[in-house]
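The block underneath contains the structure these notes are about, expressed in structure tokens.
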2 protein chains.
Amino acid sequence: MAPRQPLTRDRVLDAALALAGTDGLAGLSMRKLAKTLGVEAMALYNHVANKTDILNGIADRVFSEIDRADPGLRWDQRARAIAVGMYRALRRHPVVPMAIATSQANLTTLRALQPLDDLTGAFYEAGLDDDGVRQAILAVYSLVFGSLWLTTAGFARDADQAITPEHVDPYLHRLDPDKLPHSSRLLPALAAGGAESDFMRGLDVLIAGLAVLATPRRPSA
Amino acid sequence: MAPRQPLTRDRVLDAALALAGTDGLAGLSMRKLAKTLGVEAMALYNHVANKTDILNGIADRVFSEIDRADPGLRWDQRARAIAVGMYRALRRHPVVPMAIATSQANLTTLRALQPLDDLTGAFYEAGLDDDGVRQAILAVYSLVFGSLWLTTAGFARDADQAITPEHVDPYLHRLDPDKLPHSSRLLPALAAGGAESDFMRGLDVLIAGLAVLATPRRPSA
DNA sequence: ACCTGAACACCGTTCAAGT
DNA sequence: ACCTGAACACCGTTCAAGT
């Protein structure tokens, strides 16, 4: 309640990340954020440029949480580790991918681009050419952000997400088995969840496929 | 300007899709939408329940634009066609994935779930079991929405997107080659673009990998 | 240097009132 | 049945004023 310590940019970002965690992107307003800090909304503008600056700031923070892969690992293990690290960090803070997807935030800082650089390095090391690396990067990033997207959208479910009647996927209830026979059949398996492990399995398939592209000449046959 | 024909739900949705196309999700407000139709904002509530209803309505429309795959095709070709169809329809109307990603819209209608059902059917036909189908569905959906996400976020670029100095990727300018050597090297290839063809190549890799999972016993070796 | 109050131009939505 | 005006509870942001 009482704002004993003086306001700083870091404290604003701390509070913003916390508020976004409880109230979501839609609930993160300058006025509510200020109230959290025991201050009027306009005081925030002494420490951040505007709301976009806040969103960029928390995106930078969350990306900096991503563990860097052990450089001693082989390229495919490294790529896997980076992708899983991104997935987990962004899963903890869904505001960040949401803000970027709606163009409310951009990734411009060094820390936010580090995983991209590491991943790029891994694919160059695999022997892919420029176009191959670009395709590989885009495929991996697509899988990461797409998997997060599905979970956020309520399509996929995490193991830790309780299956309450209310929280049940908007996609899944009232499926008419006559009109949508296949998805009706899939319903129990979909509800069984495991979004993260499904993500990792898809990632493995993708990286294995990229490895084939990277070394097109087979020793045998 | 003059609202000659009476307001209907369909006309509201038409106008909403058009406004979202020009002004984006953030620019789609009830008040501006009403002005487009030559009416006061409150008049809209006679034809739609609320803004969520509008967003669900345009999502339903856009999903119904997706061509259904030829049932005569083999499962992998069918899966590919469905995924490409989804990608293209949603690429034309980026508001829809944005609205779903931010939980402002949900997919509940029959037409919105049809591609999911078709894709599910294709993977069952491939011989995958329930868990395998779920993983395959999630992987393909991830790739589709992730690829769209990357384009929306300005990370990937389409061939038709002009490379203006302003529109240049926020991710790409001012890369410090010393700090981010690999992505700096990749920069020209990234700017060369081709988001859709990259998506399709990633899709091919993924489907090829899923085909291996579907038939784990190899005839040779 | 930092914070506040009042103000501006917006939001979605409700409700009583008009036709 | 359909539309409007006024109102409520919100937004992000600016600016002059306070300390």
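Letters A, B, ... are given to chains in the order of the sequence lines, protein chains preceding strands, and every chain is numbered from 1.
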Between which residue ranges does DNA chain C form stems of three or more consecutive Watson-Crick or G-U wobble pairs, both distances under 3.5 Å?
C:4-8 with D:12-16, C:12-16 with D:4-8

By side-chain hydrogen bond (donor to acceptor under 3.5 Å, both in side chains), which residues pair with B/R61, not counting sequence neighbours?
B/D10, B/D14

Any idea how A/F155 and B/Y141 line up, ring-wise: parallel (<30°), tilted (30 to 60°), or perpendicular (>60°)?
parallel

Nucleotide interval of DNA chain D bounded by contacts with chain A (heavy-atom cut-off, under 4.0 Å):
D/dC11 to D/dT14

Mind checking side-chain contact (heavy atoms from CB on, under 4.5 Å) for B/A26 and listing every partner two or more places apart, or none if nothing turns up?
none

Across the strands shown, which category fits B/M42 at heavy-atom distances under 4.0 angstrom: base, sugar-phosphate, nothing?
base

If you assign A/R31 and A/L44 each to the DNA chain C nucleotide with the nearest heavy atom, which residue ends up on the more 5' nucleotide?
A/L44

Tell me, which of residues 48-55 of chain B have any heavy atom that sits under 4.0 Å from an atom in DNA chain C?
B/N50, B/K51

Nearest-nucleotide check on DNA chain C, A/E40 vs B/Y45; residue mapping nearer the 5' end is A/E40

B/K179: what forms a salt bridge (charged side-chain N to carboxylate O under 4.0 Å, His left out) with it, not counting sequence neighbours?
none

ring-ring contact (aromatic ring centres under 6.0 Å, His included) partners of A/F199, counting only residues at least two apart:
A/Y87

So, using side-chain contact (heavy atoms from CB on, under 4.5 Å) as the criterion, who are the partners of A/V205 when residues are at least two apart?
B/L206, B/L213

Going by side chain to side chain donor-acceptor pair (under 3.5 Å), name the pairs with one or both residues in residues 184-199 of chain B, residues two or more places apart or in two chains.
A/R134-B/D198, B/R88-B/E196

Listed by chain and number, what are the salt bridge (charged side-chain N to carboxylate O under 4.0 Å, His left out) partners of B/R78, not counting sequence neighbours?
B/E125

Return the set of residues passing side-chain hydrogen bond (donor to acceptor under 3.5 Å, both in side chains) with B/T52 (not counting sequence neighbours), or none when no residue passes.
none

Using the test side-chain contact (heavy atoms from CB on, under 4.5 Å), find all partners of B/R201 that sit at least two apart in sequence or belong to another chain.
A/Q135

